[in-house]
Amino acid sequence: MDSPRVEKDEARPTPSMPVRFLKGVGPARAAVFAQLGVNTVADLLEYFPRDWIFAPPSVKIDSLRPGQTASIIGMVESTDYQSFRRTPMFEAMLSDETGLCRIVWFHGGYLQKQLRPGQIIMASGKVTLYRHQLQMTNPKFLVLDEHHARADEFFSGGVYPATAALGSRRIKRIIRPLLDSLDCLVNELHDEDFLKKNRLVGRKDAFAWIHLPPDEKKLGLAKRRLKYDELFLMQLGLALRRFRMRHFADATPFRCTETTDRRIRRRFPFLLTEDQDGCIAEIVADMSASKPMNRLLQGDVGSGKTVVALYAALLAVANKTQVAIMAPTEILASQHFLSIERYLKGSDVKRALITGGLTGKKRTQLLDEISQGAVDIVVGTVALLEQDIEFQNLGLVVIDEQHKFGVEQRARIRKRTTPHCLVMTATPIPRTLAMTAFGDLDVSVIRRCPPGRGAVITRRVDRRDRPRAYDFIRERLRAKKQAYFVYPRISGLEQDSDVLAATDEWKNLSANVFPEFTVELLHGRMPSARKQQIMSDFRKGKIDVLVSTVVVEVGLDVPNATIMVVEEADRFGLAQLHQLRGRIGRGQSKSYCLLFAEAESEIAASRLEIMTRSSDGFEIAEHDLRLRGPGEMFSTRQHGLPDLKIANIIEDYELLLMARKHAFELVEKDPMLAEPDHKNIRRALLEKFGDSLGLADVA
Ligand code: ADP
Ligand code: MG
C-alpha cells in the first residue's frame, strides 16, 4: 500500500479496516452495517446505491423560469410560518446577487427550527409563478456549511438501501469521504489497453461515479465496469477451480476400442438416439484422458440419461475399474438398479445394490467384496456410498441428482480426485445458470427424448370449460386410459392444506364427477404400505383416476396414464409444472396435460402460456429464470460463490460472456496468476473468494 506518511490521529482507511473506525460510525451503527452485510471499508465501497438522482446544477435567481426544475443557492432573508391557514405553510425569501425568490413549504412547521435568516441554503425544486412572483414550492433544501462545500453533490447521487436505524443520507455521508481516498482503496485490475479495447472505464472512476455520478452517462459507465469486474472475478474463480481439477488430479485413462463399443451397445435393445450418441462421444473423450472427467449430463426425465450413464459405467468396467452409482433416495437407487439389471441380464458384470436395510453379516460380506474388487458396479444412495466403503479401484462415479443441483455432493466427491465423475440431472439448467453454477463443469445435453412416444398436448382450462374438460377425461377413461389429478400446497395456509384440498376433491370427484370409475387418493401423509399399494394398483390399471398432492412427482412411471390435470396450476412454478407433465407422454398414445387455473396474475398467466406453447425443458427453464429472476431459483452463495452485488446474470448476459472469455483466457496464459501484471487480480480474487475455492494455496 502506498501510504508513506500516515496522519497522526486520523488513520487512512484501508480496504480491510472495520467500518467502526470510520468517522460517523460508532459501535451502534457498525452493528447496523453488519446486518446489512457491511463489515469493512471494502464492503462499504461495494454497498452500491439502489437508485440515483440527478438534480440540476444551481443557477442564478434571475435566470429562473416558471415551469423549470432548478437548484438555487442563496441567503435566507426572512422566514414566516403561517399556521393559521387551512394548509399551514412555511415561507422563506431567498436572495442571491441577482434577485429574490419566494420559497414555500406546505405543512412546514418543522422548518421553524431549521431555517433562520442569514443562513446560506441550496434549494432544488419546481419553479412556479404565484401572483406574478417566482416561487419554489416544497423544494428539497440543504443548509450549507463547510461540510457541504460542493452543494450540488448533495442532491445528486445515490439513494442507498437503508433501514430505519440507518438512513440513506447518513450512509451517503459516511461513504462520501472514502471517495477521496480511492487511490489507496481501489486497485486497477486491467491495463489501459485492455480497458480501452473493451470500453471499460478505470476501476477508481467507477467507484467514484457509482456513488457520486457526475451525470447519467458516467453512471452508466461506472455500472458497466463494476458489473464486469464482478462477473470477471466470479468466472476467474470458476476457471481456476477447473484448471486445478484438470492439472493437479490424475485419473485412469480408459481405452474405448470398437469392440468394446460394440459389446456395450449390444446391451441396449434399441438404437441410441443422436443426442445420446453425442453425449457418449463427449464422455468417452473425457474418460480417455488422464485427467478426471467432470461432466454434467442434463436431460428431462425419460430422455435416456440412464442409458448414457450405463454406457460410461460399462466402459469403466471394461477397463477393469469399479463404478459407484449414487442416487438421492433409496427408491431411486433401487429403480436404477432394476433398470441396470434389465440391461445387464446374462452379463457377467457383477453388480450390487446397497441399501440401508442391508445389515450384519450380509453387509460386511458385500463391503468385503467391494474392497476386493469382486463387485463391478455398486448402486446406492449418496449417504450410503459416502460412508467408509472402500473400493479396490474406483474408476467412475455417477451421481444422479434428479431434480436439484447438488453442489454439496460435488464438493465432497471432488476431494476424491481419481475417479471420473458424471453428474446427471433432470432439471434443465438454463445456459445462463449452467455457466455460473456449473461454470467449472463440462455439460452434455440430451434434448430430444427417444422415439416412440405420443405427443403431449397442453391446454389451459378455466372455470367455464371445466365441465367440458370432465367430459373429455371421462371419454378417455372409458377408453381405458388413466388420469392424474394433482393439487398444490397452498402456501400461507397450514401445512396439510394440500392434503385437505386433495382429500376434498377426491371425495367430490369420486362421488359426483367420475362415479362410474375407480378414484383413489395418494398423499405424503399416508402410511408407506398404503402408498405402495395404491401406486402398485395404479400401475396395474386397477385405479382409473389418481388424486394426489405433488408426491406423484417422484417415481411413478405409468405409460397408460395419459392425462395430467393440475389443479390451481397458477400456484405452481414452471419447473414443477414441467416435471409434473413429465409423468405423462410415456407411452405410444397421445397425452393431455390440463392446467386448471382461475386466479389471474400476470406472471401466472405467462407461465401457463409458456407451458401450452413449449415442451422444451430448457426453454421453459430459461423462461422460469426470467420470470422469477435468478435470485429465487439460484443463489450464487449457495454454490460457494460470492453473491453478485451489482451484476445480474440475465440482464448482463453479454457482459457475462465477455468476462467469462477473458477469465478463461487469463487462466490459460497464467494459471497461477503469478505475473506481476496480475498481482491485483489475484489479490481481489482472494479478497472476494477467501478460501472457498481453495485459492489460498494458489497465491
Ligand atoms: P432418464 O434416465 O433420462 O430418465 P432412461 O435412460 O431411464 O431416461 O430412459 C427412459 C426410457 O426410455 C427407458 O424406458 C429406456 O429404456 C428408454 N430408452 C432410452 N433410450 C432409448 C432409445 N435410444 N430408444 C428407445 N428407447 C430408449
Ligand atoms: Mg431415469
Side-chain angles (χ1 to χ4, degrees), residues 261-262 264-284 295-315 323-329 331-347 351 353 377 379-382 396-406 422-429 443-456 539 552-562 575 578-589 591 615-618 620-621:
D261 177 69
R262 221 176 311 125
I264 296 177
R265 284 174 193 267
R266 265 212 304 269
R267 287 278 144 210
F268 305 125
F270 37 67
L271 280 177
L272 297 189
T273 64
E274 208 181 309
D275 283 1
Q276 283 171 321
D277 275 335
C279 292
I280 286 173
E282 290 168 339
I283 289 169
V284 169
R295 190 166 281 279
L296 180 71
L297 177 61
Q298 292 189 65
D300 274 349
V301 173
S303 61
K305 295 184 298 297
T306 307
V307 170
V308 172
L310 187 57
Y311 185 105
L314 292 175
L315 181 60
V323 178
I325 299 180
M326 308 185 180
T329 64
I331 295 180
L332 287 165
S334 58
Q335 269 179 14
H336 274 306
F337 187 69
L338 285 179
S339 69
I340 289 173
E341 284 299 284
R342 232 180 336 136
Y343 292 119
L344 295 189
K345 206 177 232 164
S347 138
R351 57 266 178 194
L353 174 68
I377 299 179
V379 184
T381 60
V382 175
L396 170 69
V397 177
V398 176
I399 308 169
D400 182 5
E401 313 208 292
Q402 204 61 11
H403 291 306
K404 52 181 184 85
F405 324 119
L422 182 67
V423 182
M424 297 195 277
T425 178
T427 304
I429 303 168
V443 181
S444 293
V445 177
I446 306 182
R447 269 185 177 271
R448 284 167 303 258
C449 284
R453 285 184 204 195
V456 178
R539 223 173 268 131
V552 76
E553 248 184 80
V554 236
L556 260 178
D557 187 0
V558 183
N560 192 50
T562 57
H578 182 64
Q579 273 168 35
L580 285 170
R581 187 167 58 180
R583 292 290 115 202
I584 54 171
R586 304 187 147 230
Q588 308 266 350
S589 27
S591 292
S615 59
D616 178 340
F618 291 90
I620 289 171

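These numbers were taken from a predicted model, which means no experiment stands behind them. Whatever order the structure lists ligands and atoms in, that order sets their numbers, starting from 1. Throughout, residue positions are numbered sequentially from 1 according to the sequence presented.
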TODO: Would you confirm whether Gln276, through its side chain, and Val307, through its main-chain N or O, come within 3.5 Å as a donor-acceptor pair?
DONE: no
Open item on the list: Tell me if a side-chain donor or acceptor on Ser591 pairs with a main-chain N or O of Gly585 at a distance below 3.5 Å.
Closed with: yes
Task: Contact check, side chains of Leu310 and Tyr343, non-hydrogen atoms, under 4.5 Å - done: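 Yes, at least one pair of side-chain atoms sits under 4.5 Å.
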Task: Side-chain ion pair, Asp275 and Arg447, N-O less than 4.0 Å - done: no
Task: Short N-O contact, Asp300 and Arg581, less than 4.0 angstrom - done: no
Open item on the list: With nothing but distance in play, are any N or O atoms of Gln276 less than 3.5 Å from an N or O of ligand 1?
Closed with: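 There is such a contact, yes.
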Between [X] and ligand 1, find which residue part has any heavy-atom pair under 4.0 Å and reply side chain, backbone, both or neither.
X      : value
Val308 : neither
Ser303 : both
Asp300 : backbone

TODO: Give a yes or no on this: more than 12 heavy atoms of other residues, nucleotides or ligands lie within 6.0 Å of atom CG of Leu271.
DONE: no
TODO: Mark yes when over 12 heavy atoms from residues, nucleotides or ligands other than Glu274 sit less than 6.0 Å from its CD; otherwise mark no.
DONE: no
Please list, in number order, the atoms of ligand 1 under 4.0 Å from a heavy atom of [X].
X      : value
Leu271 : 22 (C), 23 (N), 24 (N)
Thr273 : 23 (N)
Leu272 : 23 (N)

- [ ] Would you indicate which of Gly304, Pro451, Gly582 comes nearest to atom 9 (O) of ligand 1 when only heavy atoms are counted?
- [x] Gly304
- [ ] Pick, from Phe268, Phe270, Tyr343, the option with the minimum heavy-atom distance to atom 22 (C) of ligand 1.
- [x]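 Ranked by closest heavy atom to atom 22 (C) of ligand 1, first place is Phe270.
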Task: Non-hydrogen atom of Leu310 closer than 4.0 Å to ligand 1 - done: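 Outside the 4.0 Å threshold, so no.
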Open item on the list: Check contact between Gly299 and ligand 1, using heavy atoms of the residue and a distance below 4.0 angstrom.
Closed with: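 Flag not set, Gly299 not near ligand 1.
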Task: Taking every non-hydrogen atom, the tightest pair across Ala313 and Ile377 - done: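 Heavy atoms only, the tightest pair is CB-CD1, 4.2 Å.
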